[in-house]
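See below for the structure under consideration.
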Amino acid sequence: MMRKITVVGAGHVGATLAQRVAEKSLAREVVVVDILEGIPQGKGLDEWQAGPIEGFDTRVVGTNSYGAAAGSELFLVTAGVARKPGMSRDDLVRTNVDIVKAVSQEIKKIAPKAMVIVISNPLDVMCWVTKEVTGFPRERVIGMAGVLDTARYRTFLAEALNVSVEDIQAMVLGGHGDTMVPLISYTTVSGIPVTQLMDRETLDKIVTRTRNGGAEIVNYLKSGSAYYAPAAAAAQMAEAIVLDKKRVLPCAAFLQGEYGLSGLYMGVPCKLGQAGLEGILEVQLTAEEKAALKKSADSVKQTMEVVKI
């Protein structure tokens with residue numbers, strides 16, 4: 001258990017994430033920071049009062065000031081505007097970059113030794129902005145993307161095969177968006193290659209649905225975006241770090257030559273423990289997967305080019 005974890009942003013993702021972190025008892029205190037007066041205070045109080053029912057002693061505190069977050073060991077950044085129907089993740093960059101820059105400046109000031117998990121979109125670019133502004137090493141700034149994308153992929157596969165999601169082993173790499181790369185060559189059902197259980201046409205449809213997973217939910221909600229699964233994904237990453245579990249999870253990490261890529265954040269297999277990013281696993285990819293990963297990297301770089309820090 002950490003002493004203090006801070007969630008930045010009290011919207012749907014942030015509030016749900018704070019609740020999951022409290023219920024997992026990952027910190028003695030969870031601070032929720034948001035610029036809207038009364039919103040984090042009200043949600044924090046409501047979540048704290050769930051403790052006697054859910055059986056956790058974690059104190060949840062809502063605030064409009066970063067002062068209460070001083071000394072936090074881990075920040076979970078969800079701040080930013082939600083994607084609207086017809087809006088690509090890249091369309092978010094001009095609005096959210098200024099928000100994430102301001103948040104990063106505050107984190108650097110009040111908790112210079114903290115670790116940061118970024119959830120704000122467009123994810124890969126927001127991770128880069130956070131790293132650049134804070135000056136933190138890559139081990140302490142990682143992004144939540146692949147865990148969510150992989151969960152969607154596993155969900156759709158389990159539905160198509162009529163098997164438990166627990167028996168689906170899979171991993172989605174690349175940028176968090178339309179160019180993500182589900183690794184078909186590493187997708188199995190209790191160790192059985194999925195290609196032995198499903199024809200390629202069906203599998204390709206599932207890959208496409210996975211890539212459009214966020215947009216599908218946005219189109220249903222009309223005025224919002226996904227938050228239950230994103231919050232669960234970020235909480236799983238936080239748990240791996242807090243409990244030093246050494247989990248191997250697909251996360252956005254700053255690449256320094258891995259997979260032939262450098263100078264950008266991309267979803268890759270990461271080992272998470274008490275030091276944050278404790279290693280990047282390089283796996284062999286098929287020619288098709290390599291090409292898809294490069295295409296995804298090119299897409300991330302194009303978005304980075306419009307950002308001025």
Side-chain angles (χ1 to χ4, degrees), residues 1-84 92 95-96 99-100 102-104 106-107 110-111 114-121 123 126 130 143-144 147-148 151-152 214 217-218 220-243:
M1 177 184 285
M2 288 182 169
R3 186 178 67 83
K4 186 188 296 184
I5 292 176
T6 291
V7 177
V8 181
H12 288 318
V13 176
T16 306
L17 178 53
Q19 183 73 29
R20 290 189 184 278
V21 169
E23 290 177 352
K24 288 177 176 288
S25 296
L26 298 184
R28 192 69 189 86
E29 181 179 20
V30 174
V31 177
V32 183
V33 181
D34 197 285
I35 61 172
L36 297 178
E37 293 185 8
I39 299 300
Q41 290 88 344
K43 290 186 177 182
L45 183 59
D46 188 15
E47 291 172 358
W48 183 37
Q49 292 170 356
I53 302 168
E54 293 296 331
F56 63 85
D57 289 304
T58 297
R59 174 73 185 270
V60 184
V61 178
T63 178
N64 303 121
S65 169
Y66 280 88
S72 292
E73 296 149 278
L74 175 63
F75 283 80
L76 307 170
V77 179
T78 73
V81 299
R83 188 165 54 147
K84 298 177 176 60
L92 294 175
T95 301
N96 284 350
I99 296 173
V100 172
V103 170
S104 300
E106 293 288 351
I107 293 174
I110 64 172
M115 286 178 277
V116 185
I117 296 177
V118 180
I119 299 102
S120 305
N121 280 316
L123 188 279
M126 293 303 108
T130 302
M144 188 292 295
V147 176
L148 170 62
R152 288 170 171 161
I217 292 172
V218 168
Y220 277 121
L221 296 178
K222 307 300 182 185
S223 61
S225 58
Y227 53 95
Y228 293 120
Q236 185 179 61
M237 290 174 62
E239 182 179 49
I241 291 171
V242 174
L243 302 183

Inset, instruction - Decide if atom CD of Gln49 counts as having more than 12 heavy atoms of other residues, nucleotides or ligands within a radius under 6.0 Å. - result: yes
Inset, instruction - Would you confirm whether Asp34, through its side chain, and Asn64, through its main-chain N or O, come within 3.5 Å as a donor-acceptor pair? - result: no
Legend entry - Interatomic distance, Gln236 atom CD to Leu148 atom CG [nearest 0.5 angstrom]: 11.0 Å
Inset, instruction - State, yes or no, whether a side-chain contact exists between Gln19 and Lys24 at a heavy-atom distance under 4.5 Å. - result: no
Inset, instruction - Identify the two heavy atoms, one from Val13 and one from Thr78, that lie closest to each other, and give their separation to 0.1 Å. - result: CG1-CG2, 3.8 Å
Inset, instruction - Could you pull out the closest heavy-atom pair between Val147 and Met237, with the gap in Å? - result: CG2-CG, 4.0 Å
Inset, instruction - Looking only at non-hydrogen atoms, find the nearest pair between Ala18 and Val32 and report the distance. - result: CB-CG2, 3.7 Å
Inset, instruction - Apply the test side-chain contact (heavy atoms from CB on, under 4.5 Å) to residues Arg3 and Glu73: give CA-CA distance (whole Å), side-chain angles for both, the deciding distance (0.1 Å), then the verdict. - result: CA-CA 7 Å; Arg3 186 178 67 83; Glu73 296 149 278; 3.4 Å; yes
Inset, instruction - Give a yes or no on this: more than 12 heavy atoms of other residues, nucleotides or ligands lie within 6.0 Å of atom CG of Leu45. - result: yes
Inset, instruction - Begin with the C-alpha distance, continue with both residues' side-chain angles, and end with the deciding distance and a verdict on side-chain contact (heavy atoms from CB on, under 4.5 Å) for Val116 and Val77. - result: CA-CA 7 Å; Val116 185; Val77 179; 3.8 Å; yes
Inset, instruction - Determine whether Leu76 and Val8 make a side-chain contact, defined as any pair of heavy atoms from C-beta on separated by less than 4.5 Å. - result: no
Inset, instruction - Would you indicate whether the side-chain heavy atoms of Ile5 and Val31 approach each other to under 4.5 Å? - result: no
Legend entry - Residue pairs, two or more places apart or on separate chains, that pass ring-ring contact (aromatic ring centres under 6.0 Å, His included) and touch residues 44-72: none
Inset, instruction - Can you measure from CE (Met1) to CG (Leu26) and round to the nearest 0.5 angstrom? - result: 8.0 Å
Legend entry - Side chain proximity check, Met2 to Arg28, heavy atoms < 4.5 angstrom: no
Inset, instruction - Go through the structure and list residues passing salt bridge (charged side-chain N to carboxylate O under 4.0 Å, His left out) with Glu106, not counting sequence neighbours. - result: Lys109
Legend entry - Side chain Lys43, main chain Ala10, donor-acceptor under 3.5 Å: yes
Legend entry - Under-4.0 Å salt bridge between Glu29 and Arg59: no
Inset, instruction - Report yes or no: does Asn96 contribute a side-chain atom to a donor-acceptor pair with the main-chain N or O of Gly80 at less than 3.5 Å? - result: no
Inset, instruction - Verify, without hydrogens or angle tests, whether Thr6 (side chain) and Phe75 (backbone) share a donor-acceptor contact under 3.5 angstrom. - result: no
Legend entry - Heavy-atom pair with the smallest gap, counting every atom of Leu17 and Ala231: CD1-O, 3.4 Å
Inset, instruction - Please report the shortest heavy-atom distance between Lys4 and Ser72, naming the atom on each side. - result: CD-OG, 3.1 Å
Inset, instruction - Would you indicate whether the side-chain heavy atoms of Ile117 and Ile241 approach each other to under 4.5 Å? - result: yes
Inset, instruction - Identify the two heavy atoms, one from Thr16 and one from His12, that lie closest to each other, and give their separation to 0.1 Å. - result: OG1-O, 2.7 Å
